[in-house]
Amino acid sequence: MGCPRMAPILIVVFCGSARALQSHRMLPAVTYPRPVVRFSNSQQAMVMSEPWGAFGVLSGSSAVAQWLGKNTRLGRLLSAPICAMLCTFVGASSGILPAADAHVISVQSMAVKLATPLLLFNANLGQVARDGSRLLPAFGLATIGTIAGAIVGLISLSGPLAATLGEEGLKAVAALMAKNIGGGFNFVAVASATGLSPAALAISLTVDNIFALLYFPLCSYLGTRDAPSNVISTDANVLTGPPSQSTMLPSPPNPSSTFAQSAALTVSCCVLWLASRISPKGYDLPAATLIMVVIATADSARLQSLAPAAEQMGSLLLFLFFATAGWTGGKLGLSTFVGGGLPLFAFLTILYGVHLGIVLGVGGWLARLRRRENEPSQFFEPRQLLLASNACIGGPATASALAVSSGWDELLVPSVLVGNLGYALATFLGIAFYRIGVCAMFL
């Protein structure tokens with residue numbers, strides 16, 4: 001994938017699939033979220049081959065996006081997931097791709113459902129409590145900062161959000177709050193549980209990525225001020241921009257990992273089946289999250305060997321999801337994108353501002369208070385606060401990257417563990433925030 005020679009091949013595959021789909025534009029348009037497709041008898045032969053064109057576009061977009069995110073400056077700046085979304089968004093909005101149909105929607109649903117348990121194989125709460133205790137207080141403070149920022153932002157901008165996005169505004173706010181406690185798959189899980197529309201989803205992801213472009217360089221810069229001078233990274237990607245999420249994927253599996261992939265997929269399917277049986281309608285993903293966290297905590301020894309394969313498959317599924325999000329949102333015009341994006345931009349300005357204010361301001365005050373009492377500040381040192389904030393905003397991958405680049409080796413494992421804790425909690429917090437917000441609207 002890293003070889004530059006692959007780029008033309010991937011682009012040809014993408015364009016060929018798009019061309020095949022474009023030839024079937026006479027098929028009835030399918031609307032989101034409950035598409036119903038009806039074809040005449042003369043169209044049945046075409047329908048049989050159409051899913052492969054859609055799958056080719058989605059997988060081709062994912063491959064192109066990962067190549068761009070790894071090998072081009074623009075791709076690293078935007079991040080690979082946003083590149084995947086842009087590939088299909090540009091294709092759909094320019095008319096190269098037809099309207100998203102039932103096959104695209106089915107891939108979107110399957111990707112988010114399977115990715116949820118696959119990305120939680122490392123969510124061992126026992127290990128978090130045991131080995132991540134050095135960062136738990138700071139991470140708790142960072143989580144409070146995100147929740148407080150979401151509350152302040154929603155109260156301050158309830159009017160503009162309702163005027164531009166309607167009822168989608170609260171759903172988008174809840175999903176963004178979950179993303180900035182856990183990670184991208186928490187955003188997707190909350191968006192799915194609340195029924196966030198494809199348009200609002202695409203706008204929210206794009207705006208959040210803009211803030212990531214600002215936040216990660218700031219966090220890296222602040223980290224260099226507290227790093228040992230002999231280990232400060234000179235990697236321009238660390239100091240000047242967020243790591244592309246394509247580089248956050250696990251290493252390629254070893255030859256024996258086909259068993260691990262099959263076993264991980266089996267566990268995930270069983271978890272989803274059980275969740276669909278015991279959960280209320282629309283809450284199968286939160287239920288799957290809870291079940292997977294319980295299993296990961298109770299039987300971590302067995303799941304540990306499956307985790308790398310599970311994470312790799314989960315990351316691939318998230319790329320497919322981002323590609324479907326761009327496709328379904330492709331019918332949006334630029335004015336709709338800008339109009340809906342402005343209130344979300346203002347909301348995230350408040351969220352990030354309050355988050356950093358609480359983490360650095362309150363955390364710094366707590367550290368000084370302990371020093372005044374002649375007690376060592378074990379939990380709120382600047383490095384701990386920055387790593388906890390990074391784990392909230394970017395997840396365990398970006399937090400571990402900051403720990404390595406800043407020379408905080410003793411905090412590397414705790415940063416990954418509290419990031420996994422964010423994965424485990426964020427979906428529930430986001431849905432609870434949405435439900436409380438809905439109740440508050442009727443008071």
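- Contact annotation: the side chain of T164 never approaches that of L342 to less than 4.5 Å [non-hydrogen atoms, C-beta and beyond].
- Here T427 pairs with N186 under the side-chain hydrogen bond (donor to acceptor under 3.5 Å, both in side chains) rule; sequence neighbours left out.
- With values rounded to the nearest 0.5 angstrom, I151 atom CD1 is found 8.0 Å from I436 atom CD1.
- With 3.5 Å as the limit, one finds no donor-acceptor pair spanning the side chains of S279 and D284.
- Of the listed residues (V416, L136, T297), just one forms a side-chain contact (heavy atoms from CB on, under 4.5 Å) with V128, and that residue is L136.
- Side-chain contact annotation: Q127 with N420, donor-acceptor N/O pair under 3.5 Å absent.
- The two atoms that bring S204 and L176 nearest to each other are O-CD2, 3.9 Å, heavy atoms only.
- When all heavy atoms are compared, the tightest approach of Y423 to L119 is CD1-O, 4.0 Å.
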Any chance you could lay out the side chain to side chain contact (heavy atoms under 4.5 Å, CB included) test for K171 and Y434, step after step, and finish with the verdict? CA-CA 6 Å; K171 299 175 183 177; Y434 172 72; 3.5 Å; yes
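- Atom CG of L196 sits about 5.0 Å away from atom CG of L201, to the nearest 0.5 Å.
- Relative ring orientation between F345 and F211 is described as tilted, the plane-to-plane angle lying within the 30° to 60° band.
- Just one of I181, T289, V190 meets the side-chain contact (heavy atoms from CB on, under 4.5 Å) condition when paired with F428; it is T289.
- The minimum heavy-atom distance between F55 and H103, with the atom names listed, is CE2-O, 4.2 Å.
- Side-chain contact between L344 and L157 is absent, with no heavy-atom pair separated by less than 4.5 Å.
- Panel note: side chain T324, backbone F321; a donor-acceptor pair is recorded below 3.5 Å.
- Of all heavy-atom pairs between F380 and L385, the closest is O-CD1, 3.5 Å.
- When every heavy atom of Q384 is checked against every heavy atom of A138, the shortest pair comes out as O-CB, 3.7 Å.
- Counting all heavy atoms, side chain and backbone alike, L402 lies closest to C219 at CD2-SG, 3.8 Å.
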